[in-house]
Amino acid sequence: MWPSISPIAQRRWRRFKAHRRGYVSLWLFSVLFLLSLGAEFISNDKPIILSYQGRLYVPLFNNYPETEFGGFFQTETDYKDPFIQETLHGNGNWVVFPPNPHSFDSINAHLTSPAPSPPDATNLLGTDDRARDVLARLIYGFRLSVLFALALTAIGVAIGILAGAIQGYFGGRTDLLLQRFMELWGSMPELYLLIIFASLFEPSIWLLVGLLSLFGWMGLADYVRAEFLRARNQVYVKSARAMGATDTAIMFRHVLPNAMTPVITFLPFRISGSILALTSLDFLGLGVPPSTPSLGELLSQGKANIEAWWLSLAAFVVLVAMMLLLNFIGEALRDAMDPRKE
């Protein structure tokens, strides 16, 4: 049944599944993330597919001029325009919109109250101060937050494992020099650096990933270093060295698999920390550009528009749900990887 999985990994997976809250949280978070990857099919102001005069069109993937549907301009079709709506729904034509017919940057020009407007039948969670649909910005903001956190976590884990492995395996002067470097590097004012770079360069998600990756690896490196320091004098390491195995092979083929417990255990907590970091920076105006859908930007709008309770409440609920799911997953992983239960 488990042809390529070790007995230890099988026992850990069974313990993880036995932790019902963490197991269910993993499924819920995975389903929500997979759905958000197809956000364009869930929330978009362009039809998924339409039929006009017997021909099929896919506006979700192609841009069509208004003249294609009986309009007068060569510009991209506005599928919310009343004339286009009437044309696409008559004479046997049909159109299929996503469940939420708004994109994160589409503006509702037909509001019945000033923006930010409260929830109604058109905008289920209301609009923000620029008349953009809050539900659409939540869906796209959730996807951006998770992808950002995964990228930042992957880079931090790779650098942290490499730095910790070198420190712990070689020890001595190498360990001492890297520890002093980490102390100096960790003392640098991260927030001030972000402010400086935000004023020098155009804000972007990749700039944030690069800047935060410079500091996000040090905590994990300490745990990996401790595991390598403990394992470097084990019998299997000495045997591999006596058989002529290279240091690289010993580090990453023999020692690293036995030092992955803290790495795996802390993954959900690192992801949640990365999401909170992005949200905090966006709230302060130091994150992604203003047009980018962001949970932190929604919270900032809620702070600036206290009467628009739906802005803060929607972003707060999504953030709390994400943090709870990730923390439950982390608790389950911590119990499953506990060496005292082996």
Side-chain angles (χ1 to χ4, degrees), residues 2-16 148-188 190 193 206 208-274 277 329-330 332-342:
W2 302 83
S4 60
I5 303 179
S6 67
I8 294 178
Q10 294 178 35
R11 290 196 297 271
R12 289 174 175 174
W13 174 246
R14 285 195 291 267
R15 286 200 298 270
F16 180 83
F148 172 85
L150 291 176
L152 187 59
T153 300
I155 296 173
V157 166
I159 299 176
I161 287 177
L162 181 61
I166 293 174
Q167 283 184 266
Y169 181 79
F170 293 104
R173 183 175 297 177
T174 301
D175 183 27
L176 182 64
L177 291 174
L178 283 176
Q179 278 294 101
R180 299 293 81 78
F181 169 76
M182 289 175 60
E183 291 172 1
L184 291 173
W185 191 252
S187 65
M188 297 182 67
E190 184 176 354
L193 289 176
W206 295 114
L208 280 181
V209 170
L211 290 176
L212 293 179
S213 297
L214 296 176
F215 302 93
W217 56 272
M218 289 184 289
L220 182 62
D222 290 334
Y223 290 102
V224 176
R225 169 180 173 269
E227 292 293 325
F228 270 77
L229 283 173
R230 183 176 60 84
R232 62 190 294 238
N233 294 319
Q234 297 291 329
V235 174
Y236 69 90
V237 175
K238 294 180 179 179
S239 300
R241 190 179 293 117
M243 294 176 65
T246 63
D247 290 332
T248 302
I250 295 173
M251 289 168 61
F252 296 104
R253 187 179 301 172
H254 300 289
V255 181
L256 182 59
N258 297 312
M260 288 297 290
T261 297
V263 176
I264 297 174
T265 302
F266 282 101
L267 275 180
F269 302 109
R270 293 184 64 84
I271 293 174
S272 63
S274 300
I329 295 171
L333 279 176
R334 183 182 58 197
D335 293 342
M337 304 292 289
D338 191 345
R340 294 171 296 181
K341 298 181 179 180
E342 297 296 344

query = What's the spacing between R270 CZ and L152 CG if we round to 0.5 Å?
reply = 7.5 Å
query = Does the side chain of D222 reach to within under 4.5 Å of the side chain of M182, using non-hydrogen atoms?
reply = yes
ask   = What are the two closest heavy atoms between I329 and P268, and how far apart are they?
value = CG2-CG, 3.8 Å
key: Non-neighbouring partners of T246 that pass side chain to side chain contact (heavy atoms under 4.5 Å, CB included), sequence neighbours left out   = T248, A249
task = Taking the side chain as every heavy atom from C-beta outward, state whether M260 and I161 have any pair of such atoms under 4.5 Å apart.
result = yes
ask   = Are L193 and L211 close enough that some pair of their side-chain heavy atoms sits under 4.5 Å apart?
value = no
task = Nearest 0.5 Å please: distance from the CD atom of E227 over to the CZ atom of R232.
result = 14.5 Å
Side-chain donor-acceptor pairs of residues 213-220 under 3.5 Å, sequence neighbours excluded:
| residue | atom | partner | partner atom | Å |
| --- | --- | --- | --- | --- |
| S213 | OG | V209 | O | 2.5 |
| W217 | NE1 | L214 | O | 2.9 |

request  = Check whether any side-chain heavy atom of F148 lies under 4.5 Å from a side-chain heavy atom of L212, and answer yes or no.
outcome  = yes
Pair listing, ring pair (Phe, Tyr, Trp, His ring centres under 6.0 Å) test, anchored in residues 220-243, at least two apart = Y223-F266
task = Give the minimum heavy-atom separation between A240 and I250, together with the two atoms involved.
result = CB-CG1, 4.0 Å
request  = Locate the shortest heavy-atom distance separating P257 from F252; write the atom from each residue and the value.
outcome  = CD-O, 3.9 Å
ask   = Could you give all pairs that pass the salt bridge (Lys or Arg N to Asp or Glu O under 4.0 Å) test and reach residues 178-187, with sequence neighbours left out?
value = R180-E183
task = Sequence neighbours left out, what pairs pass side chain to side chain donor-acceptor pair (under 3.5 Å) with at least one residue falling in residues 163-176?
result = Q167-D175, Q167-Q179, Y169-R241, Y169-D247, D175-R225
note = Nearest heavy-atom approach of G168 to L229 is O-CD2, 3.4 Å
message = Let me confirm one number: the OG1-CZ distance from T261 to R12, rounded to the nearest 0.5 Å.
response = 4.5 Å
ask   = If you take all heavy atoms of V255 and A231, which pair is closest and at what distance?
value = CG1-CB, 3.8 Å
note = Heavy atoms of T153 and S274 approach each other most closely as OG1-OG, 3.7 Å
Any residue meeting side chain to side chain contact (heavy atoms under 4.5 Å, CB included) with R334, in chain and number order, not counting sequence neighbours = T265, E331
